[in-house]
*Asks:* 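Provided herewith is a single structure, encoded as structure tokens, for subsequent inquiry.
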Amino acid sequence: MSLDAVSAAELIAWYAEMGVTEALDETPHDHFAAAPEPTRPPVARPQIAAQQPARRPVAVAAATPPDEAALSARALARDAATLEELKTALAGFEGCPLKATAKNLVFADGNPAGKVMIVGEAPGADEDRIGLPFVGRSGQLLDRMLAAIGLTRQEHVYIANLLPWRPPGNRTPTPQEVAICLPFIQRQIELADPDILVCIGGPSAQGLLGVSGILASRGRWMEYDTGRRMIRAIATLHPAYLLRQPLQKRLAWRDLRAIRAALDAF
Ligand code: URA
């Protein structure tokens, strides 16, 4: 089919309106296939760096066996002694296919020495463009929610995501992608060493706290083992959900008050 310039522009505008914002591949991929089974020995860091170029086409990156990718992630994360080293390790990691379609690594924002660490799901379009978590509409709501309990990201809160790369078209991350990236966020929590972990949204709560059903699990204090010590953890509703369901803000407000009370008790 050949299109003149005006029709092509109209078609692209229509795609954008329908939410089709990524051009990926001619053939579909089953991203849910083959959950990782971490049974093989870790892949050494120098080998990966030497064998894999910095940016790879989607099809090649997706072909990295998920179990090798998860094991390699674990080894890289374990070897990082500081948050800066962890960021560098993530930037060089080629095992997650999301990296190939993302514009930027979205590692963290806020104060790593803050008492509260917030972990969201994954970057959206704005975060991907800017390279920082929660800078779009949901981020602005998150900042207002934090301000309501006297917290700012500059001073009191460290913010990251379960996944540091944007899933194309903001789709939900696959279990495989989560499993591959999990060692990095777990190590990031360990290195930041917050007193309180706040998981925002279902995937973060499920990935880090092992709970499913965010409406049922939100607002309950749990224990999270950072590897160094046990800390308090709580799941709450995602601001993107609250933007769609403003009446649910009352539940989020309860969670925020619980976080404030826990901080005041330290
Ligand atoms: N939603 C998230 O979960 N994280 C972000 O960084 C932005 C939106």
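Whatever order the structure lists ligands and atoms in, that order sets their numbers, starting from 1.
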*Asks:* Which atoms of ligand 1 have any heavy atom of G120 under 4.0 Å away?
*Replies:*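 The atoms of ligand 1 under 4.0 Å from a heavy atom of G120 are 3 (O).
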*Asks:* What part of A122, side chain from CB on, backbone N/CA/C/O, both or neither, has a heavy atom under 4.0 Å from ligand 1?
*Replies:*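 For A122, only backbone atoms sit under 4.0 Å from ligand 1.
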*Asks:* Is R229 paired with D195 through a side-chain N to carboxylate O contact shorter than 4.0 Å?
*Replies:*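 R229 and D195: salt-bridged.
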*Asks:* Identify, by atom number and element, the atoms of ligand 1 in contact range of P133, meaning under 4.0 Å from any of its heavy atoms.
*Replies:*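 Those qualifying, in numeric order: 6 (O).
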*Asks:* Answer yes or no: is there an ion pair linking R187 with E190, defined by an N-O contact shorter than 4.0 Å?
*Replies:*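 Salt bridge: yes.
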*Asks:* Could you walk me through whether I118 and R153 pass the side chain to side chain contact (heavy atoms under 4.5 Å, CB included) test, one step at a time?
*Replies:* CA-CA 10 Å; I118 289 179; R153 72 167 84 190; over 6 Å; no
*Asks:* Should you measure from each heavy atom of H238, which atoms of ligand 1 turn up under 4.0 Å away?
*Replies:*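 Every atom of ligand 1 under 4.0 Å from some heavy atom of H238: 1 (N), 2 (C), 3 (O).
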*Asks:* Step by step, would you call Y224 with I189 a side chain to side chain contact (heavy atoms under 4.5 Å, CB included)?
*Replies:* CA-CA 10 Å; Y224 178 85; I189 298 167; 3.7 Å; yes
*Asks:* Heavy-atom distances under 4.0 Å decide this one: backbone, side chain, both or neither, for E121 against ligand 1?
*Replies:*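 Both parts.
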*Asks:* Are any of the N/O atoms on F134, whether in the backbone or the side chain, positioned under 3.5 angstrom from an N/O atom of ligand 1?
*Replies:*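 N/O-N/O distance below 3.5 Å exists for this pair.
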*Asks:* I'd like to know whether L146 forms a side chain to side chain contact (heavy atoms under 4.5 Å, CB included) with F134, so could you lay out the CA-CA distance, the side-chain angles of the two residues, the decisive distance to 0.1 Å, and finally the verdict.
*Replies:* CA-CA 12 Å; L146 292 173; F134 283 103; over 6 Å; no
*Asks:* Hey, what do you get for CD (E85) to CG (L191), rounding to the nearest 0.5 Å?
*Replies:*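 Going from the CD atom of E85 to the CG atom of L191 covers 9.0 Å.
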*Asks:* What protein heavy atom is closest to atom 4 (N) of ligand 1, reported as residue, atom name and distance in Å?
*Replies:*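 Checked against all protein heavy atoms, atom 4 (N) of ligand 1 sits closest to N161 OD1, 2.8 Å.
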